[in-house]
2 protein chains.
Amino acid sequence: MTRRDEAIDAAERTLEREGLPAVTMRRLADELGIRAPSLYKHLAGKGEILTALQDRALARMATALAAAGNDLGGLAGAYRQWALLHPRLYELSARYPLDRDHLTPGAEDAAAAPLIRAAGGNIAAARALWGLAHGLVDLELAGRFPPGADITAAWDYAIRALGEFPPPVGTASD
Amino acid sequence: MTRRDEAIDAAERTLEREGLPAVTMRRLADELGIRAPSLYKHLAGKGEILTALQDRALARMATALAAAGNDLGGLAGAYRQWALLHPRLYELSARYPLDRDHLTPGAEDAAAAPLIRAAGGNIAAARALWGLAHGLVDLELAGRFPPGADITAAWDYAIRALGEFPPPVGTASD
DNA sequence: ACCTGAACACCGTTCAAGT
DNA sequence: ACCTGAACACCGTTCAAGT
């Protein structure tokens with residue numbers, strides 16, 4: 001494993017365990033047993049590390065969503081579950097601009113594909129579904145619903161509304 | 001105007017013009033013509049300033065949404081418009097936990113009320129609507145849709161789906 | 001090729017001291 | 001009552017120097 005990969009692994013662990021503010025160059029260097037300036041021999045800077053984490057998140061989200069199949073409810077459940085299992089990584093991947101020139105080519109499309117498929121190829125419907133899933137997850141992660149709120153009921157309501165709306169959503173067009 | 005209010009005003013201007021990283025205690029002090037340590041005679045710390053900005057955002061959002069009336073499309077349009085006009089303030093108010101003990105009492109409820117009303121009092125429906133609006137806005141502000149994407153089409157699709165789904169949404173129950 | 005210490009220009013915050 | 005300089009424990013990053 002390269003030093004670059006070691007640094008990104010350390011960043012992921014620190015991000016998920018202690019949050020984004022804990023991910024500092026000095027901390028990552030410590031984790032590798034070197035000094036912060038040495039990191040710059042292996043990476044351009046902190047931005048490259050964060051972009052690499054976004055890249056990882058997109059790839060894993062793509063895998064999780066693809067495994068959920070074409071059922072709208074199952075897909076929504078997989079989206080929410082992945083985000084709740086990796087909350088800081090999810091936020092990093094969904095709330096900040098992507099440095100598209102430095103992502104794995106196709107990473108964004110791969111994550112979007114299961115949503116577009118479930119929406120029967122209707123792009124507006126796929127974006128509505130994405131917006132809904134991202135919004136509900138983001139508000140939940142930010143603790144914005146009242147304690148004890150039935151968040152699952154909101155998901156169920158929304159997914160049923162989208163699922164019953166024509167043009168048919170939840171059935172692949174092919 | 002108190003020094004506290006002056007600091008919060010300066011924070012709002014700096015936030016919206018230059019982004020959250022530019023909102024530093026030293027910068028705000030500069031704006032008031034004093035040194036950073038002096039701010040602590042008027043405020044507990046930076047957290048109090050950010051909470052005050054969240055409070056302002058909730059109040060203004062409440063006003064904007066209440067003025068939009070009960071039509072689901074109009075409400076969604078008002079939500080999106082407010083967010084796009086004050087993007088950094090919107091993000092600050094929607095993506096971070098609220099220090100509820102230090103918000104104006106009822107601020108959160110006031111912002112939520114127009115959504116609940118438009119959803120005919122159905123809380124699950126109101127949360128679905130909120131999640132949808134927040135998600136679409138948040139992704140748009142983060143530049144996550146492809147350049148030239150027809151974001152309005154996604155809003156229209158989603159609002160029509162929610163509007164046609166029983167129990168009726170878009171008609172107040174009273 | 002890889003790592004280092006020292007440095008630069010920053011942070012938020014505390015505190016003794018001045019008026 | 002209000003403001004200050006100095007300080008503390010941090011940041012990301014650069015760079016000359018060491019091996």
Using atom CZ of Arg3(B) as one end and atom C1' of dA1(D) as the other, report the distance to the nearest whole Å.
12 Å
Is any side-chain nitrogen or oxygen of Ser38(B) closer than 4.0 Å to OP1 or OP2 of dT4(D)?
yes
What does dT19(D) pair with, Watson-Crick or G-U, if both distances are under 3.5 Å?
dA1(C)
Arg26(A) vs Ala36(A), nearer the 5' end of DNA chain C by closest nucleotide:
Ala36(A)
Side-chain ion pair, Arg27(A) and Glu31(A), N-O less than 4.0 Å
yes
Within 45° of the six-membered ring axis of Tyr96(A) and under 6.0 Å from that ring's centre, is NZ or CZ of Arg95(B) located there?
yes
Which one, dT4(C), dT13(C), dG12(D), comes nearest to the side chain of Ile34(A)?
dT4(C)
Can you measure Arg27(B) atom CZ to dG12(C) atom C1' for me and round it to whole angstrom units?
17 Å
Provide the Watson-Crick or G-U wobble partner of dT14(C), both distances under 3.5 Å; none if there is no partner.
dA6(D)
Rounding to a whole Å, what distance do you find between Met25(B):CE and dT13(C):C1'?
8 Å
Is there a side-chain contact between Leu75(B) and Asn70(B) in this structure, where contact means two heavy atoms from C-beta onward sitting under 4.5 Å apart?
no
Length of the line joining Lys46(A):NZ and dC11(C):P, which is rounded to integer Å
15 Å
Figure out the CZ/P separation between Arg4(A) and dA1(C), and round it to whole Å.
19 Å
From OH of Tyr40(A) over to P of dG5(C), roughly how many Å is that when rounded to an integer?
16 Å
Side-chain ion pair, Glu18(A) and Arg88(A), N-O less than 4.0 Å
no
Whether the side chain of Arg35(B) and the base of dG5(D) hold a donor-acceptor pair under 3.5 Å is what I'd like checked.
no
dC2(D) phosphate, OP1 or OP2: any side-chain N/O from Lys41(B) under 4.0 angstrom?
no
Give a yes/no on whether any side-chain N or O of His42(B) is located under 4.0 angstrom from OP1 or OP2 of dC3(D).
yes
Minimum-distance nucleotide to Pro37(B) side chain [options: dT13(C), dT13(D), dC11(D)]:
dT13(C)
Aromatic plane relationship, His134(B) with His134(A) - under 30° parallel, 30 to 60° tilted, over 60° perpendicular
parallel
Atom-pair distance (CD on Glu48(B); P on dG12(C)), nearest Å
15 Å
Whole-Å distance between dA1(C) P and Leu39(A) CG?
19 Å
